[in-house]
Amino acid sequence: MIIFRDTGGGAADEATQADALREAMIGELRQLNAIRSDQVADAFRTVPRHLFAPGELLERAYAANSSVVTKRDEHGAAISAVSAAHIQATMLEQARLEPGMRVLEIGSGGYNAALIAELVGETGEVTTVDIDPDVVERARDCLAVAGYDRVNVVLADAGGGVPEFAPYDRVIVTVGAWDIPPAWSDQLAEGGRMVVPLRMRGLTRSVAFERDGGHLVSRAYHLCGFVPMQGAGAHAERLVALEGDKVSLWVDGDHPVDADRLRDGLHGARVERWSGVEIGGFEPLDDLDLWLATAVDDFALLTATNDVIDSGLVAASARRGAKTIVAGKTFAYRAAARPVDSERTRFEFGVVAHGPQAEALAEEYVALIRTWDREHRGGPGARIAVYTAATPDDDLPRGRVIDKNQTRVVISWPG
């Protein structure tokens with residue numbers, strides 16, 4: 001049964017408030033360039049998002065940049081959520097849905113499946129699958145209440161897709177995926193498109209893939225964040241503790257990291273270097289992060305607690321996962337950008353390094369920032385290609401190769 005919090009008015013007042021908040025959300029999503037087409041705007045206008053966020057205030061249900069957590073694990077970590085509307089809109093635009101299409105959604109919440117159902121219309125077919133019985137029951141319940149019980153809601157490990165309704169013109173993945181199971185590609189129709197939040201070296205991007213011969217190639221990608229996939233597709237990052245639970249490196253991959261040596265480096269020499277590369281306005285930084293992650297062999301994310309940051313041991317950028325290069329006993333990470341004008345409208349990129357080779361590694365990091373600025377800033381971005389795990393090195397294009405269990409991902413940077 002769906003239960004909503006009492007907002008102090010009757011059903012008519014709630015409906016009026018929901019309509020107003022929905023229009024405000026759509027306006028904000030257009031300003032963010034998440035919604036770019038009238039078709040996607042109409043889908044958001046039609047589907048009542050609050051029906052999929054039981055127990056939440058209407059204002060939060062219709063917040064453009066906030067997800068609504070619907071289930072947590074025993075440690076309090078989110079394992080299911082109604083994703084933030086701006087991410088959903090971005091992925092729907094990436095998918096390029098049309099009436100009559102058959103669509104598989106990996107990861108159920110209900111709301112996104114309803115949006116997809118609006119976009120493919122009565123002649124299309126939507127299947128949504130999740131491994132969690134509670135999530136499936138909730139999605140089925142919410143879809144029925146909202147009038148979308150024509151959506152196929154399936155309980156299964158999504159690593160195998162849903163073959164009984166295949167093939168699909170579109171596969172849209174709404175959980176964080178470390179790998180791309182073969183079933184997703186196998187069940188994709190000829191000329192189809194897959195949109196997946198793919199984690200690469202600790203960074204997640206929503207990538208729109210299409211087939212190119214026997215592999216997948218990216219057509220567009222955007223920064224995003226999702227709860228991680230469960231079941232056979234689950235894959236945790238390694239946590240390397242440098243200062244108890246106060247300073248840590250998160251490593252996505254199997255390259256060796258010597259925690260003891262890095263712990264010594266943390267308390268060793270510390271230097272700062274500034275790049276001369278400036279940024280202003282609302283220019284996104286996600287391509288710089290992806291470029292850095294693909295330009296070096298040993299890449300990680302540095303995190304630290306507020307008390308350690310306040311002590312001055314590490315820089316404030318570690319609050320959100322500073323992009324880090326590791327080399328032996330030394331590591332370097334991007335500092336919080338510093339203002340370079342009195343109006344604080346322009347900022348300069350800098351680097352902090354710890355350890356015996358701090359000077360050299362800081363200079364290397366600064367050189368990488370300058371290379372990105374000179375050769376890739378404002379360019380076409382990365383090309384992300386996905387090959388089967390059995391593909392020999394000689395058959396791969398040049399670029400950073402990221403080996404996963406079932407695929408080999410190659411990231412290259414056209415000029």
Side-chain angles (χ1 to χ4, degrees), residues 176-180 196-207 209 217-218 220-226 228 235-240 248-257 262 275 277 279 283-303 315 317-328 330-337 349-353 361-387 396-404 407-415:
W178 183 78
D179 205 349
I180 297 180
V196 52
L198 186 62
R199 195 172 85 224
M200 301 163 288
R201 312 205 86 189
L203 307 179
T204 302
R205 301 291 183 268
S206 173
V207 188
F209 287 109
V217 64
S218 62
Y221 62 88
H222 294 276
L223 177 69
C224 68
F226 278 88
H235 192 281
E237 295 169 287
R238 281 188 293 147
L239 175 64
V240 180
S248 303
L249 283 173
W250 292 89
V251 181
D252 186 9
D254 57 4
H255 55 274
V257 176
L262 286 174
S275 65
V277 176
I279 192 168
E283 183 181 352
L285 303 180
D286 46 296
D287 256 10
L288 171 57
D289 295 340
L290 190 59
W291 156 250
L292 291 169
T294 57
V296 299
D297 291 333
D298 295 328
F299 180 82
L301 302 179
L302 178 74
T303 59
S317 57
R319 283 194 180 96
R320 293 176 173 262
K323 284 58 182 180
T324 304
I325 300 174
V326 179
T330 305
F331 62 95
Y333 56 96
R334 202 170 72 235
F349 291 124
V351 173
V352 177
L361 197 59
E363 290 296 339
E364 178 183 340
Y365 202 135
V366 163
L368 289 169
I369 294 174
R370 291 170 179 162
T371 299
W372 167 79
D373 178 57
R374 183 176 62 251
E375 299 180 7
H376 302 293
R377 186 175 186 174
R383 180 184 186 272
I384 305 169
V386 180
Y387 294 78
L396 297 176
R398 294 185 63 182
R400 171 63 59 181
V401 179
I402 305 172
D403 284 315
K404 299 178 180 289
T407 61
R408 308 190 76 184
V409 178
V410 184
I411 305 178
S412 56
W413 291 83

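Throughout, numbering of the chain's residues begins at 1 and tracks the sequence.
Between Asp252 and Arg201 no salt bridge is recorded (no basic side-chain N to carboxylate O distance below 4.0 Å). Salt-bridge annotation for Arg400 and Asp297: present, with a side-chain N of the basic residue lying under 4.0 Å from a carboxylate O of the acidic one.
Contact check for Val251 versus Glu237: no side-chain heavy atoms found under the 4.5 Å cut-off.
Residues Leu290 and Ala382 approach most closely at CD2-CB, 4.1 Å, considering heavy atoms. Nearest approach of Ala335 to Val352, heavy atoms of both residues: CB-CG2, 3.8 Å. Among all heavy-atom pairs drawn from Ala293 and Leu203, the shortest one is CB-CD1, 3.8 Å. Across every non-hydrogen atom of Pro414 and Arg383, the tightest pair is CD-N, 4.1 Å. Annotation for Cys224 and Pro197: closest pair SG-CB, 3.8 Å, computed over non-hydrogen atoms. Heavy atoms only, all atoms of each residue included: Phe299 and Asp289 are closest at CZ-O, 4.4 Å.
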Might you work through the side-chain contact (heavy atoms from CB on, under 4.5 Å) test for His235 and Lys404, ending with a clear yes or no?
-> CA-CA 10 Å; His235 192 281; Lys404 299 178 180 289; over 6 Å; no

Going through the distances and angles, do Tyr365 and Val296 end up as a side-chain contact (heavy atoms from CB on, under 4.5 Å)?
-> CA-CA 9 Å; Tyr365 202 135; Val296 299; over 6 Å; no

Just do the side-chain contact (heavy atoms from CB on, under 4.5 Å) check on Phe209 and Val217 with the steps written out, would you?
-> CA-CA 5 Å; Phe209 287 109; Val217 64; 5.7 Å; no

Give the C-alpha distance, both sets of side-chain angles, the deciding distance and a yes or no for side-chain contact (heavy atoms from CB on, under 4.5 Å) between Asp298 and Val257.
-> CA-CA 9 Å; Asp298 295 328; Val257 176; over 6 Å; no

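In this structure, Leu239 CG and Trp250 CH2 are separated by 4.5 Å, a value rounded to the nearest 0.5 Å. Here OG1 of Thr407 is found 7.5 Å from CH2 of Trp178. Values are rounded to the nearest 0.5 Å. For the atom pair Asp373 CG and Ile279 CD1, the distance stands at 9.5 Å (nearest 0.5 Å). The CG atom of Leu262 sits 10.0 Å away from atom OG1 of Thr324, with the distance rounded to the nearest 0.5 Å. The line from CH2 of Trp372 to CG of Asp287 is 8.0 Å long, rounded to the nearest 0.5 Å. Considering CG of Leu285 and CZ of Phe349, their distance stands at 4.5 Å, rounded to 0.5 Å.
Using modelled atom types, one side-chain atom of Ser218 and one backbone atom of Ile384 make a donor-acceptor pair closer than 3.5 Å. The backbone N or O of Leu368 lies less than 3.5 Å from a partner atom in the side chain of Trp291, making a donor-acceptor pair. Remark: the backbone N or O of Arg334 is not paired with any side-chain donor or acceptor of Lys323 at under 3.5 angstrom. The closest donor-acceptor contact from the side chain of Tyr333 to the backbone of Ser317 lies at 3.5 Å or more, if one exists at all.
Within 6.0 Å of CZ on Arg398 lie no more than 12 heavy atoms contributed by other residues, nucleotides or ligands. Atom CZ of Arg320 is surrounded by 12 or fewer heavy atoms from other residues, nucleotides or ligands within 6.0 Å.
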